[in-house]
Undergrad: 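Attaching a single structure in structure tokens format; questions to follow.
Just so we're clear, the structure is a prediction, and the values are computed from it rather than from any experiment.
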Amino acid sequence: MAELTQRDGTWSFDGDTVRIVPARDKRVNPVRQALGELAVPLEALAGIAYEPGRRTGRLRLKLREGADPFLQAAGGELPDAADPYQLPVESERAGVAEYLVDEVRQALLLEQVGSGPCDRYVLPGPSVPLSASAGDGTVFFDGEQIRLEWNWKTEQAKKSGGPRVFPVSDVEAVKWSPAKGLENGYLRFALVKVPTSAPPKYDPYAVVMYGFKRDLLMALVAAAVTARLPHPAGPPEPTDAVPVPADAAPVALAKAPAALGGGGGAGARTGHDGDRDGGEGEADHDALLRRLRELGELRRDGVLTEEEFTTVKQAVLRRF
């Protein structure tokens with residue numbers, strides 16, 4: 001096993017996994033310490049390199065794009081000191097660093113690990129529960145729910161609504177952006193069906209960051225949430241629509257009503273439903289318009305051909 005211990009931590013490789021253990025030293029960045037020990041399998045690696053220097057070299061682990069939710073959430077904005085995949089190496093230990101590099105590279109060749117992007121997260125992301133405080137608020141995340149609490153620096157317009165609590169299933173995206181120059185940073189949650197164009201200082205689903213060291217801990221929360229969201233390169237989320245073969249209109253006719261909610265459920269109507277009061281008639285009219293809109297979306301998305309669309313539309317109209 002190849003192993004290298006330095007002031008900032010220890011890297012080792014057992015043939016399958018690169019294990020990174022941060023040192024228990026106050027000089028080590030708090031993000032690295034909060035992440036704790038990382039086990040990076042070969043599957044997540046795109047490469048490794050040692051960059052020699054006059055007094056101190058640097059060991060760098062390059063992960064495949066999309067393999068780690070922490071790097072995904074950080075968006076390339078991490079300073080070197082907070083990057084867990086870098087290790088400063090004293091010049092007298094350069095030989096050990098180069099040996100570790102050779103061992104990892106040889107294993108990647110033997111296992112024929114590709115360097116292309118991943119379509120799923122290989123690493124699990126930061127452990128939960130966790131919390132972080134910075135700027136105008138504190139965020140808590142237990143793996144299922146997110147809670148935002150405010151402090152005396154929060155704008156009154158945002159604070160007046162009180163703490164915000166919402167499930168991670170309502171989150172469409174999370175964005176961590178550190179402070180740059182005179183511009184504040186932020187951690188913002190974009191919720192499904194809750195659009196906002198407000199600046200982070202007024203957005204009740206955002207925490208403003210003022211550029212202090214603890215701002216980096218907000219990236220851990222962003223990573224933990226990111227790990228529980230669909231992967232950006234993963235397969236599309238399943239929809240309620242049933243795919244319709246493009247080579248047979250009868251098959252489309254059989255499947256489209258089910259995809260549009262027109263099966264044998266309560267929303268369905270047959271030609272024998274002749275006795276309806278006014279309220280039921282209005283409900284049926286709304287259901288008809290909704291199904292026709294959904295049918296049009298299937299055509300626009302290429303699920304139905306023009307011929308299939310016409311056939312199914314006529315079938316839907318006959319049902320009403």
Side-chain angles (χ1 to χ4, degrees), residues 29-36 66 68-79 82 120-121 123-232 234 236-240:
N29 190 278
V31 170
R32 291 188 175 188
Q33 292 185 338
L35 278 171
D68 181 15
F70 177 61
L71 294 184
Q72 187 78 21
E77 302 275 12
L78 284 176
R120 64 180 181 85
Y121 294 120
L123 276 71
S127 58
V128 292
L130 57 81
S131 64
S133 297
D136 70 348
T138 300
V139 58
F140 304 87
F141 181 49
D142 63 4
E144 296 181 357
Q145 281 197 327
I146 300 161
R147 180 181 178 89
L148 302 178
E149 294 184 353
W150 315 118
N151 57 36
W152 63 273
K153 292 173 281 188
T154 310
E155 289 288 334
Q156 187 59 37
K158 182 160 74 172
K159 186 189 297 186
S160 62
R164 296 285 173 164
V165 181
F166 47 95
V168 69
S169 58
D170 283 356
V171 177
E172 188 173 39
V174 58
K175 171 69 173 178
W176 175 80
S177 179
K180 300 169 185 173
L182 299 178
E183 183 179 350
N184 291 330
Y186 60 85
L187 173 67
R188 189 200 295 266
F189 299 94
L191 272 61
V192 178
K193 298 181 180 179
V194 186
T196 180
S197 57
K201 66 185 297 185
Y202 299 114
D203 184 352
Y205 298 102
V207 175
V208 176
M209 302 182 299
Y210 300 137
F212 296 104
K213 195 172 183 179
R214 295 185 64 82
D215 291 0
L216 292 169
L217 296 176
M218 287 288 184
L220 298 178
V221 179
V225 173
T226 296
R228 290 159 176 80
L229 300 181
H231 194 284
E237 289 291 290
T239 64
D240 293 335

Undergrad: Indicate the atoms forming the closest heavy-atom contact of Lys213 with Pro30, along with that distance.
TA: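 In terms of heavy atoms, the two residues are closest at CE-CD, 3.6 Å.
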Undergrad: What distance do Met209 atom CE and Ser133 atom OG have between them, rounded to the nearest 0.5 Å?
TA: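 Rounded to the nearest 0.5 Å, the CE-OG separation comes to 12.5 Å.
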Undergrad: Measure the OG1-OH distance between Thr196 and Tyr205 for me, rounded to the nearest 0.5 Å.
TA: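 So the OG1 of Thr196 and the OH of Tyr205 are separated by 9.5 Å.
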Undergrad: What are the two closest heavy atoms between Ala173 and Leu229, and how far apart are they?
TA: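 Heavy atoms only, the tightest pair is CA-CD1, 4.1 Å.
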Undergrad: What is the ring orientation for Phe189 with Phe166, classed by angle as parallel under 30°, tilted 30 to 60°, or perpendicular over 60°?
TA: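 It falls in the perpendicular class, over 60°.
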Undergrad: Using a strict cut-off of less than 4.0 Å between a Lys/Arg side-chain nitrogen and an Asp/Glu carboxylate oxygen, indicate whether Glu77 and Lys180 qualify as a salt bridge.
TA: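 A salt bridge links Glu77 with Lys180.
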Undergrad: For Pro204 and Trp150, work out which heavy atoms get closest and say how close.
TA: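 Minimum heavy-atom separation between Pro204 and Trp150: O-CZ2, 3.3 Å.
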Undergrad: How long is the gap from CD on Glu149 to CG on Asn151, to the nearest 0.5 Å?
TA: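 Glu149 CD to Asn151 CG: 10.0 Å, rounded to 0.5 Å.
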Undergrad: Can you measure from OG1 (Thr226) to NZ (Lys175) and round to the nearest 0.5 angstrom?
TA: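 Taking OG1 in Thr226 and NZ in Lys175, the distance rounds to 10.5 Å.
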Undergrad: Check whether any side-chain heavy atom of Leu148 lies under 4.5 Å from a side-chain heavy atom of Thr138, and answer yes or no.
TA: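 Contact flag for Leu148/Thr138 side chains = no.
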Undergrad: Does the side chain of Asp68 reach to within under 4.5 Å of the side chain of Tyr121, using non-hydrogen atoms?
TA: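 Side-chain contact under 4.5 Å: no.
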Undergrad: Take a 6.0 Å sphere around CD of Gln156 and say whether it holds more than 12 heavy atoms from other residues, nucleotides or ligands.
TA: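 More than 12 heavy atoms, drawn from other residues, nucleotides or ligands, come within 6.0 Å of this atom.
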Undergrad: Counting distance only, does the side-chain N/O of Lys158 pair as donor-acceptor with the main-chain N or O of Ala206 below 3.5 Å?
TA: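 Pair found, side chain donor or acceptor close to backbone of Ala206.
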Undergrad: Determine whether a donor-acceptor pair (N or O, by modelled atom type, separation under 3.5 Å) exists between the side chain of Asp215 and the backbone of Phe212.
TA: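 Such a contact is found between Asp215 side chain and Phe212 backbone.
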Undergrad: Kindly give the heavy-atom pair with the smallest separation between Ala227 and Pro124, and that separation in Å.
TA: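 Nearest pair, atom of Ala227 first, then Pro124: CB-O, 3.5 Å.
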Undergrad: With the side chain counted from C-beta on, respond yes when Val31 and Leu220 share a heavy-atom pair under 4.5 Å apart, and no when they do not.
TA: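 Val31 vs Leu220: side chains touch.
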Undergrad: Side chain to side chain contact (heavy atoms under 4.5 Å, CB included) for Val165 and Ile146? Distances and angles first, verdict last.
TA: CA-CA 6 Å; Val165 181; Ile146 300 161; over 6 Å; no
Undergrad: Any non-hydrogen side-chain atom of Met218 less than 4.5 Å from a side-chain atom of Val139?
TA: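 When only atoms from C-beta onward are counted, Val139 and Met218 do touch, with a gap below 4.5 Å.
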Undergrad: With rounding to the nearest 0.5 angstrom, report the OG1 to OH distance, Thr154 to Tyr202.
TA: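 Interatomic distance, Thr154 OG1 to Tyr202 OH, rounded to 0.5 Å: 12.5 Å.
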Undergrad: Report the distance from atom CG of Leu78 to atom CG of Leu216, rounding to the nearest 0.5 Å.
TA: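 So the CG of Leu78 and the CG of Leu216 are separated by 7.0 Å.
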Undergrad: Please evaluate residues Asp142 and Arg147 with respect to the criterion salt bridge (charged side-chain N to carboxylate O under 4.0 Å, His left out), reporting the C-alpha separation (whole Å), side-chain torsions for both, the decisive distance (0.1 Å), and the verdict.
TA: CA-CA 9 Å; Asp142 63 4; Arg147 180 181 178 89; over 6 Å; no
Undergrad: Between Arg188 and Asp203, does any NZ, NE, NH1 or NH2 come within less than 4.0 Å of an OD or OE carboxylate oxygen?
TA: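 Yes.
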Undergrad: What closest approach, in Å, do Val174 and Ala222 show between heavy atoms, and which atom pair accounts for it?
TA: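 For Val174 versus Ala222, the nearest heavy atoms are CG1-O, 3.7 Å.
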Undergrad: Which atoms form the tightest heavy-atom contact between Val128 and Ala224, and what is the distance?
TA: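 In this case the closest contact between Val128 and Ala224 is CG1-CB, 4.0 Å.
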Undergrad: Before giving the answer on side chain to side chain contact (heavy atoms under 4.5 Å, CB included), spell out for Phe70 and Leu123 the whole-Å C-alpha distance, their side-chain angles and the decisive distance to 0.1 Å.
TA: CA-CA 9 Å; Phe70 177 61; Leu123 276 71; over 6 Å; no
Undergrad: Could you tell me whether the side chain of Lys201 and the main chain of Val208 form a donor-acceptor pair under 3.5 Å?
TA: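 Flag not set: sc Lys201 to bb Val208 has no pair under 3.5 Å.
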